[in-house]
Amino acid sequence: MPAEPKNLKQIDADSILHPSTNANEFAKTGSRIIQSGKGIYLEDTDGNRLIDAVAGLWCVNVGYGRPEIANAMHKAATDLSYYHTFTGMSNVPQIELAERLLAIAPNNMSKVFFASGGSDGNDSLMKIVWYYHNLIGKPEKRKIISRWQSYHGTSIATASLTGLPSFHKDFNLPIEGVLHTESPDYFRHGKPGESELDFSKRRAAELEALILQHGPETVGAFIAEPVMGAGGVITPPEGYFAEIQKVTKKYDILFIADEVVCGYGRLGTWFGSEVYDIKPDMITTAKALTSGYFPFSASFITEQIWDVIKQGSAKYGSFAHGYTYAGHPIGAAVAMANLDIIENDGLIAQSADVGQYFHTQLNQRFANDPFVAQVRGQGMLAAVQLMQDKDSKTFFDPAIKIAPSVTVKCYQNGLIARPLPSVDSVAFSPPLVTSKAQVDDIVNIFEASVRDVMQQHG
Ligand code: PLP
């Protein structure tokens, strides 16, 4: 017999170290236990039916409970439950998936490396940056520049890349060789009277100054999310990536596009790089590659990098990197079924269309709201900026924890939205299957929750 929900919460509190959870507050509130999901809806063990307007952690793009994926998973597990991909071993699903992904990946990627998540995908690319530069005789070129406010994972190396101080503090991070340049957050950091384009040029000049300070011969790569996710849903200001890429090109610095959130339709295109004309040398994707049904990531490299890796094998033997679950046949089959759904259901076009509707609704609804200073995002990715006083750009007292207060109220009202406390914002990334009528439900519940909370704190 399964334990009663009440017991489950106690066992949970007594036994689990939850990721990204405040250990003290959690001890008071306990867990919320999700027990089932269908489409955009979840049910918890307290009997709440919830709209998941975040798609889990920005990943369940095709919605919950898709039988096509469950069937593919079942078949794959029955055919070949596991086999490794080391020493040239392979399996049919990963081969089919690789061919399909290389056909849609931006900027002519040549090879794909499979792993289990965004962190190990980015970790792998960091190692390839180092390996590549060692092999081409530039061993000094090993520093990697990331941006404040970015999110690239939580492994030792990728938490270092992540530009959110809470991921560094008391973890002895960032590691040596990871540098951070200023964030593209025009709303927060644009100077009075400065245009977006001028701000972008300033950011590019600051990047160049950082490179020159450390010496261009020591900088190997620059990594960026097309739209920053966890750091605030920060869309790049006008001209930003064009200006940044002038600098990375000038100093022969590899560009890594972290498409872990943006990839596979989130912005209304297959990849975020398409929206902002990013020409990456390497790309990481994960999350929506399998819509979260299986932990799986795909990182891409260009032919130029592949050529050098081949030289490495001539020199050292094997490319000595990889994971037990790399190219897992079940994960690859799930990814194939997931891509089938994205294509057959026209979810890229739907994401663009419904995403535009979502932004229009949020903008209209909050246009005259004294506590909403900005609605930002792209496609089915949005954030609402809360502010004590938008005219004077006065932020709420951090002690109020305004964004978590709003999302707790949303939950009580049947909606999961994501608080981004570092920027006093509430984020949305609903499954791409969300209809316009469901967007109306999301916006209605959110609006009522904001009004409720502002009555107490505004
Ligand atoms: N990169 C980005 C942009 C992310 O948003 C995330 C996770 O949210 C990661 C990397 C890390 O992925 P994972 O949690 O699968 O390791």
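All ligand and atom numbering here is 1-based and tracks the order in the structure.
Interface of Val261 with ligand 1, defined as ligand atoms under 4.0 Å from a residue heavy atom, comprises 5 (O).
Between Ser155 and Asp123, the side chains place a donor N or O and an acceptor N or O closer than 3.5 Å (distance only, hydrogens not considered).
The residue Asp120 has no part lying near ligand 1, judged by heavy-atom distances below 4.0 Å. Residue contacts with ligand 1 for Ala286 are absent, since no atom lies close enough (heavy atoms, distance under 4.0 Å). Counting heavy atoms closer than 4.0 Å to ligand 1, residue Glu225 contributes side-chain atoms (C-beta onward) but none from N, CA, C or O.
For atom 3 (C) of ligand 1, the nearest protein heavy atom (residue, atom name, distance) is Tyr151 O, 3.2 Å. In terms of protein heavy-atom proximity, atom 14 (O) of ligand 1 is closest to Ser119 OG, 4.4 Å. At the shortest separation from atom 12 (O) of ligand 1 among protein heavy atoms lies Gly118 CA, 3.2 Å.
The option with the heavy atom closest to atom 1 (N) of ligand 1, from among Ile223, Leu57, Asp258, is Asp258.
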Side-chain donor-acceptor pairs of residues 221-242 under 3.5 Å, sequence neighbours excluded:
from, atom 1, to, atom 2, distance (Å)
Glu225, OE1, Gly229, N, 2.9
Glu225, OE2, Tyr151, N, 2.9
Tyr240, OH, Arg147, NH1, 3.1

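In terms of N/O distances under 3.5 Å, ligand 1 is approached by Lys287.
When Phe114, Tyr325, Tyr264 are each tested for a ring pair (Phe, Tyr, Trp, His ring centres under 6.0 Å) with Phe296, only one passes: Phe114.
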